[in-house]
Structures are given as C-alpha cells and as structure tokens.
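Read the structure below first, then the notes.
Numbered from 1 within each chain, the chains take letters A, B, ... in sequence-line order.
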Amino acid sequence: MGSTNSTLSKIPNVEELMRETGFSPAHIVRLYDRFESLDKEKTGHLRPEDFGAINRLAMNPIGDRIIGAFFSSGQDTVDFHSFVRILAHFRPAENNRPRDPSLPEPVNSRISKLKFAFQLYDLDKDGKISRAELLQVLRSMMEMQVTEEQLESIADRTIQEADLDRDDAISFEEFRKVPLGDTLTLTQQRVASK
Amino acid sequence: FQDFNPFDNLLCILLGISFTVWFTLLLVFIIVPAIFGVSFGIRQLYMKTLLKIFEWATRRIERGAKDKNHPLHKPYSNGDGSNRDLDSASEFEMSDIFYFCRRGVESIMDDEVTKRFSAEELESWNLLTRSNYNFQHISLRLTVLWGLGVVIRYGFLLPLRVTLAFTGVGLLVVLTSIIGFLPNGRTKNFLSEKVHLMCYRICVRALTAIITYHDSENKPKNGGICVANHTSPIDVIILASDGCYAMVGQIHGGLMGVIQKSMVKACPHIWFERSEVKDRHLVAKRLSDHVEDKTKLPILIFPEGTCINNTSVMMFKKGSFEIGSTVYPVAIKYDPRFGDAFWNSSQFGMVSYLLRMMSSWAIVCSVWYLPPMSREEGEDAVQFANRVKAAIARQGGLVDLLWDGGLKRGKVKDTFKEEQQKLYSKMLVGTQEDRSRS
C-alpha cells in the first residue's frame, strides 16, 4: 500500500490504459495491488490457476466460464493491461453524454457489457447460442438440483421467447432485445463502488 | 578561550534541566497512574481532538475530489446483500447469468477471504497516508496538516512511546525475576499480580491505547479458559492490563525468550518448546492440568490461530474447546479511525509492525467480556467452537465467516458450490412446479 504515484510509475503505458478504460488512478492502483496479490509467483502474468485460487470464484457455478473470458484470445497468460481492460467492461456506463459515432465503442457501454455476457454463453464463438450451449449453462448453474427434463423445459421456453428468426439459436441481436430487467444496472452500481 | 566555558556550562545545565523535567512529567502523568491503575483522562481528550481533525480532513478530500472531478475510490462496504437480487426471479431469464457473472467479477477484484487478510480500508482519512488510496495533493492546507502530523508523530510521540516501552518491558523482566526468589504462596501471587498489571499498563500507555472495557462482571476466573478474536500481538497487552492470565505459547529466542523466561518465574505460564507444539496430546494434557488446578490463573487463548484484520471472525480451531472447562469469550474490536492495528505478517516483520503502531495516532479499542459458556450435552467441540465464535462476532459487530483462518496461507470444497446451485435452483424450479400444477 504505497502512495499512489509511486505505484503508478511502475506500470508501463499507464496513461493510455487510464484513457482507454476510464479508470481513475486510485482504481488502477487498487487493481494493480490485486493483480500482484493474485500473481503468487511474481511472473507478471496471471494463469488460469491463479484465478482458480480465488475461493469465491471456484464456488461460482460459472466460475470457469468467467476465467475463460479472460483468456479468450487463445493465450494462456494474461498481463496487467488485459486484466484491467476486461474488468473495465464492468465500470458504470456514462449514459448522459451523447456518444460520438466516429469514436470506438467505449469499453464499459451497455453493448460491451452485453457482448461480454454473450460470450459466457457462446462457448464455441460462432455468434449464436445454440440450444445445447444454453443447456450447458443451465446445467452448470443448477447441476444436481434439477432433473434433465426440467432443464430441457426451461431451455425450450427461453429459446421460444427469444428466438425471433426461428433458427433454434439465439444470435447477439436477439440477445440484445431480451428484457434484461434491473440486473444490468446493479452490475454497474456494485462494481462502481470498488 | 575562556568565553566558551560558561556557554558550555549553560548548555549542560539546560540539557540537564530539560531531561529532569521530561522524566518527571513522564513519571507523574504516565508511570504513576499506571502503577495505581487510575487515569487523568488525557487520552480521552486527545481522542476527541483527533476525531475533529480527521473529520475536517475527510471533508477537505471529498470537496477537493469533487472539484477535480476525480471519482473517489470508496471501499466496499461490509455485508454481501447480493442474495436479495435473485429473490424476484421466478423464471429463468437470459440475464440471470449476470448475477453469477457479477459475483464472479467481484470476487476477482476482491474476495471475502483475501479481504479479511489485508488491512481494512477507511471511509474517512486519519492523516496517515498508509490508510488512504485517495491521498494526492488536494490542497496546501491538507498537505501542511499532514506534514505537521508526521513531525508530531515521529518527532514527539514515537520517542516518548519507545521510552515507555523499554521502561515497561525492563521493569517486567527485572521485577518478575526478583519475585521469582520468593517462596510460593499468597504473597508471591499477590505481588506477581500487581507487577504484571503495572507493567502491562505502562505498555498500554506506550502504545497510547485507549481501551474501553464492557461488562467487567464477566471477567474470566481461575480454572477457566479465556477465548478472544485475534487481530495483532497487541491483543495480549490489551487483555492482560485488565486482568491476570496465564499465557500460552511457543518459546522464542532473543528478547521474547528472555521476557517469557522471567515471566514464568513469577507465576505459571504455559510455554512450549517448538518440538512439543506438534504433539497435540501433550498440548491438550498440559492445558487440562493447568485448568484443573483452581489456584492457577485462567488461560488466554486465541483460537483463530492467525491474525485476522478485525472485520470478521474466522473459524475457531477446536483444540481449546475440547478441554472441557468453562470458556469465557472476549470480543476485541479496534476502532480503525485512529490507526490500523492489524498485523499482516506477510507484509511486515514484528519490529516494523511495532514501529508502525507506535507512530500512529492512537489505538482505540473496545473489549467486551461475554458471559461464560460451557459445552452442552450432545454438542461436539466443533459445534461448541462455532457457538462461541458466533457470540463473539455478534458482540463485536464483526462478520461471522465460515472460512478457515488457514486459508490465508493455503482450496474450496465442492460442498460450497453445491450450496450456490441449490439456492438458485430452488428459486426457479420451485416456481416452475407451481406453474405446471396450475
């Protein structure tokens, strides 16, 4: 827990990182401390095992998928910059300012959050959530507690309601249209207080 | 040549006088009250003044941050209310995954267990840079105040406290060795009690610890075991300055060892050799022998086995609860506004920890003596330990956690994952069944 400035100077390209992700210096320092505490072997990178060591995450039914989201580009290590970029998805979105369409989508906008959630479902990355993939997610969230028939009926009903072009899969466009209720807003508020 | 002499003399005289004044003040205001256990109330006044200054400093920071448009980093408040979010879910929605996703990401950023092992973050600022991520140059006045704080703490308070600490420890060693020569009997016990209390009180003043004791009628009695939550090595000093206990621990080398050996001459403490610590039966036997002898003092034990950061109480090791005597639970809660007493043994060694403690403003804590508990019929040691732990957590306003203190150094059982799944599916499938029936 050193002073903010000395820690910031340890991180290369920190200005660009702050601009890209929108995190304040205090947030970056905190994330850096967290990164270092997870990186037990001090290699400067995190591997899936380092995430697996977080007990609460191992307890989470979709913990493996979340870990997978950090390593989605096919590499097996993640450095501090990628770590922060992915966590930046969860920063609260600034909804009041009108967005300039020529600039790239901000990393924490609603769309980016939805894309992140979509990739948790779509494991084979074909851009669609098939019935089988949906079943897999349901199974990991409920495992031994429900029968296979119950799982299938939930999956059927969900696809029925969301699948508009009747191809028995949910594309990203269809996913966007699904009423998402308040959970998205809570995501913003909760993570903002970190 | 002649001119220097009177000047030198003057200097010597001045130094002599100031030393004498210094030591007299020390004696009158600190050591004598410590001997008799009275207090002038100076520390309470000090505490109130400090609090006012801290409030001002915090408001300045918040105002400054708002002006510069920097989102303030506010620490995560205690209490995981996220279970309530799923209450309104009655049917599966695609967005339900967000709930688990959010919890997963939250745990990546900071999880319950790791949070317990790093120092608690504060909402307000107590003029110590070590406790606030937000401190940057906000205003000149604030920086000046902080600088003044540094000068006072390191230039005045620290030397004062170190002097007191040496006095206290030195007196303890010398006096207990002297008492050791007396034959065993009531006089010896009486004197030993007085000496121990006096020296611990001096040490308490060496840390400027402002302690409030609640419910002293429940203080541990002979033949019992006193059990408390553990935040730092200072816990021992805090408890021992209000009552006499038999300490339990491993024999160390160096200064600690000297202190331990002289303490045991005056009254029986339980010190183990390193090799004996592994032998659980030997440990249990020595503890039960001590407890059965009603003339011996109550044993002081910290069952968590490691220092936790004083926001929660972790799993208690069952060893001390198997012995079968009355347990006197004690809850210790530090007020983090003044100085963080938590000892992160992976970050700081003992000496740097003590220096940090002595250069903080003060250590303010509350001690609650809870009514004695005994193991009930049909209750095993683990259940008894959990019951005591829950009582301590409730009293001290700490979070009662299931996690084992051993997790600080060392993996999660599948049963916990199943719990999560059970909760979620009960909500969904329960209502599904209702629907199909209707």
Side-chain angles (χ1 to χ4, degrees), chain A residues 1 3-5 24-27 29-31 33-34 37-38 51 53-63 65-67 70 87 90 113 116-117 120-121 129 137-138 140-146 150 153-154 157-158 162 170 175 178-184 186-187 190-194, chain B residues 70-77 82 85 88-89 91-114 118-119 121 129-136 347 403 407 411-414 416-426 428-429 432-433 436:
Chain A
M1 269 198 288
S3 82
T4 317
N5 286 324
S24 72
H27 281 127
V29 169
R30 198 208 216 283
L31 287 174
D33 283 344
R34 178 62 172 161
S37 76
L38 289 175
F51 285 98
I54 304 172
N55 293 308
R56 259 270 157 84
L57 193 60
M59 213 170 101
N60 192 311
I62 55 164
R65 289 166 184 259
I66 298 176
I67 298 178
F70 280 86
L87 289 176
F90 292 86
K113 288 183 166 86
F116 188 84
L120 291 178
Y121 278 104
I129 306 175
V137 174
L138 285 171
S140 49
M141 290 208 276
M142 288 187 276
E143 200 72 63
M144 308 298 190
Q145 314 302 328
V146 296
Q150 283 168 321
S153 74
I154 296 176
R157 186 184 58 81
T158 314
I170 303 177
F175 185 66
V178 171
L180 292 167
D182 286 333
T183 336
L184 197 54
L186 268 168
T187 310
R190 235 357 195 285
V191 186
S193 63
K194 290 256 177 264
Chain B
H70 260 158
L72 259 192
H73 163 65
K74 276 240 154 96
Y76 188 47
S77 53
S82 36
D85 306 334
S88 51
E91 296 186 351
F92 172 72
E93 302 191 25
M94 301 287 297
S95 53
D96 283 354
I97 203 175
F98 277 32
Y99 167 70
F100 287 112
C101 179
R102 179 189 3 120
R103 296 223 3 197
V105 172
E106 280 177 354
S107 62
I108 291 179
M109 294 184 86
D110 197 4
D111 64 33
E112 284 283 322
V113 176
T114 318
S118 60
E121 287 174 63
T129 39
R130 47 181 102 123
S131 45
N132 194 308
Y133 276 120
N134 281 320
F135 176 66
Q136 291 157 38
Q347 240 186 337
W403 299 110
L407 280 174
K411 201 117 208 201
V412 169
K413 296 179 217 144
D414 282 327
F416 290 121
K417 198 180 205 168
E418 273 171 37
E419 290 281 330
Q420 292 274 304
Q421 291 165 334
K422 252 191 240 170
L423 262 172
Y424 181 61
S425 48
K426 215 188 298 181
L428 289 190
V429 176
Q432 291 277 15
E433 281 177 343
S436 57

| task | Might you point out which heavy atoms bring A/Leu120 and B/Cys101 nearest each other, and give the distance in Å? | result | CD1-SG, 3.6 Å
| field | Per-residue contact mode, A/Ile67 against chain B (heavy atom under 4.5 angstrom) | value | neither
| task | Taking all heavy atoms of B/Ile108 and all of A/Leu38, pick out the closest pair and write down the distance. | result | O-CD1, 4.2 Å
